[in-house]
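Shown next, in structure tokens, is the structure this report addresses.
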Amino acid sequence: MDYIDVLKTRRSIRAFSDKPVESSLLDEILREALESPSSSNSQPYKLAVATGDICKKLGEELQSKYYRSNKIQKQPLPLKLLSAITTDALPDSDFKPILGKYPPVFQERRVATGMGLYEVLGISRDDKKARDEQMARNFIFFDAPVAIFFFVHPGMKHTALVDAGIMMQSLMLSATNKGLGTCAQGALGIWRSPIDKFFKVPKDYKLVCGLALGYPQDNKVNQYRPDKIDLDELLIPAK
Ligand SMILES: Cc1cc2nc3c(=O)[nH]c(=O)nc-3n(C[C@H](O)[C@H](O)[C@H](O)COP(=O)(O)O)c2cc1C
């Protein structure tokens, strides 16, 4: 594909077919992502790539934590506090606190993007149950056969996150060029322990987020094209 086609074809995919991704193809994508630039070539990231049975079990575990934690959030405060001690469902993310409400302009964009997605899916604004179910699909990676978890070394401070972001985009573009789809998923950074259960993650590495990868399903949700800001909004005017 031409570069511009790859760039414009890449959009977040939220419904995957069950067609597996050949491991040689997956390796090729990961090798291409390794071409990314990084601060002083430090490459301060590590990836846990879940496929097959591990991907399925990890998805079940994450989704179960999501449903249980969601239930706890709806309880009155005393029960919530009790649950905090007795359950293993509460978030154990490496980067705390988990982002709640965004600052105003970003919150507006977030809401507009979310509403646009629900509209495509035919979910009404007040249908909390359907929205929860759509959210829950994050944790089974929208049925993708591959889930990739991105870790960084915190000793590299903010440059580690910049470097990880660049490598994620390289990976997404490489996958798109090969006819695959991806969805970057901050939601996959909420629980760390399930990943430790299946992978030997070095303790000094921190989980940033995840990414679903696979063949896109012919599904209306994959047609969603959220707006991007204009150049005027991007650029800071000169004094
Ligand atoms: C760091 C990051 C985290 C994201 N987290 C999620 C997520 O948890 N769930 C989801 O459905 N999409 C997630 N997305 C996808 C964004 O919603 C998407 O990139 C944005 O709406 C723009 O759409 P596009 O990717 O199709 O251009 C994430 C994207 C990024 C870059």
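Order of appearance sets the numbers: ligands from 1, and atoms from 1 within every ligand. Just so we're clear, the structure is a prediction, and the values are computed from it rather than from any experiment.
Of the protein's non-hydrogen atoms, Ala184 CB, 3.6 Å is the one closest to atom 30 (C) of ligand 1. The nearest heavy-atom contact from the protein to atom 9 (N) of ligand 1 is Asn138 OD1, 2.8 Å. Protein heavy atom closest to atom 3 (C) of ligand 1, with residue, atom name and distance, is Gly186 N, 3.3 Å. The protein atom (non-hydrogen) at minimum distance from atom 22 (C) of ligand 1 is Lys228 NZ, 3.4 Å. Atom 23 (O) of ligand 1 has its closest protein heavy atom at Pro226 CG, 3.2 Å. In terms of protein heavy-atom proximity, atom 18 (C) of ligand 1 is nearest to Ser12 OG, 3.4 Å.
For ligand 1, the atoms sitting less than 4.0 Å from at least one non-hydrogen atom of Ala187 are 8 (O), numbered in the order shown with element in parentheses. Remark: ligand 1 atoms within the under-4.0 Å shell around heavy atoms of Thr113 are 21 (O). Listed by number with element, the atoms of ligand 1 under 4.0 Å from a non-hydrogen atom of Phe142 are 11 (O).
Between Asp92 and Lys65 there is no salt bridge, since no side-chain N of the basic residue sits under 4.0 Å from a carboxylate O of the acidic one. Look at Glu32 and Lys178 and you find a salt bridge, because one of the NZ, NE, NH1 or NH2 atoms lies within 4.0 Å of a carboxylate O, short of that distance. With respect to Arg68 and Asp88, a salt bridge is recorded, a charged nitrogen being found less than 4.0 Å from a carboxylate O.
Put simply, part of Arg10 is less than 4.0 Å from ligand 1, judged by heavy atoms. Ligand 1 lies less than 4.0 angstrom from a heavy atom belonging to Cys183. Ligand 1 lies nowhere less than 4.0 angstrom from a heavy atom belonging to Arg225.
Counted by atom type alone, Gln107 and Arg110 present one or more donor-acceptor pairs between their side chains at under 3.5 Å.
Geometrically, ligand 1 and Tyr224 share no nitrogen or oxygen pair separated by less than 3.5 Å.
At a threshold of 4.5 Å between side-chain heavy atoms, the hydrophobic network of Ile, Leu, Val, Met, Phe, Trp and Tyr places Tyr224 and Ile13 in two separate groups.
In this structure, atom 1 (C) of ligand 1 has its sub-4.0 angstrom surroundings free of protein heavy atoms. For atom 20 (C) of ligand 1, the nearest protein heavy atom lies 4.0 Å away or farther.
Under the side-chain contact (heavy atoms from CB on, under 4.5 Å) test applied with Arg11, the options Met172, Gln223, Arg225 reduce to a single match, Arg225.
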Under 3.5 Å, which donor-acceptor pairs link side chains of residues 54-63 to any protein atom two or more places apart or in another chain?
from, atom 1, to, atom 2, distance (Å)
Lys56, NZ, Glu60, OE2, 3.0
Lys57, NZ, Asp53, OD2, 3.2
Glu61, OE1, Lys197, NZ, 3.0
Glu61, OE2, Lys197, NZ, 3.3
Gln63, NE2, Ala136, O, 3.1

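Side-chain contact between Gln217 and Asp18: absent, with no pair of heavy atoms (C-beta onward) separated by less than 4.5 Å.
Between Arg109, Arg14, Arg137, it is Arg14 that holds the heavy atom closest to atom 11 (O) of ligand 1.
In this structure, Ser38 contributes its side chain and Ser42 its backbone to a donor-acceptor pair below 3.5 Å.
Partners of Phe16 according to the ring-ring contact (aromatic ring centres under 6.0 Å, His included) rule, which considers only residues two or more places apart in sequence or in another chain, do not exist here.
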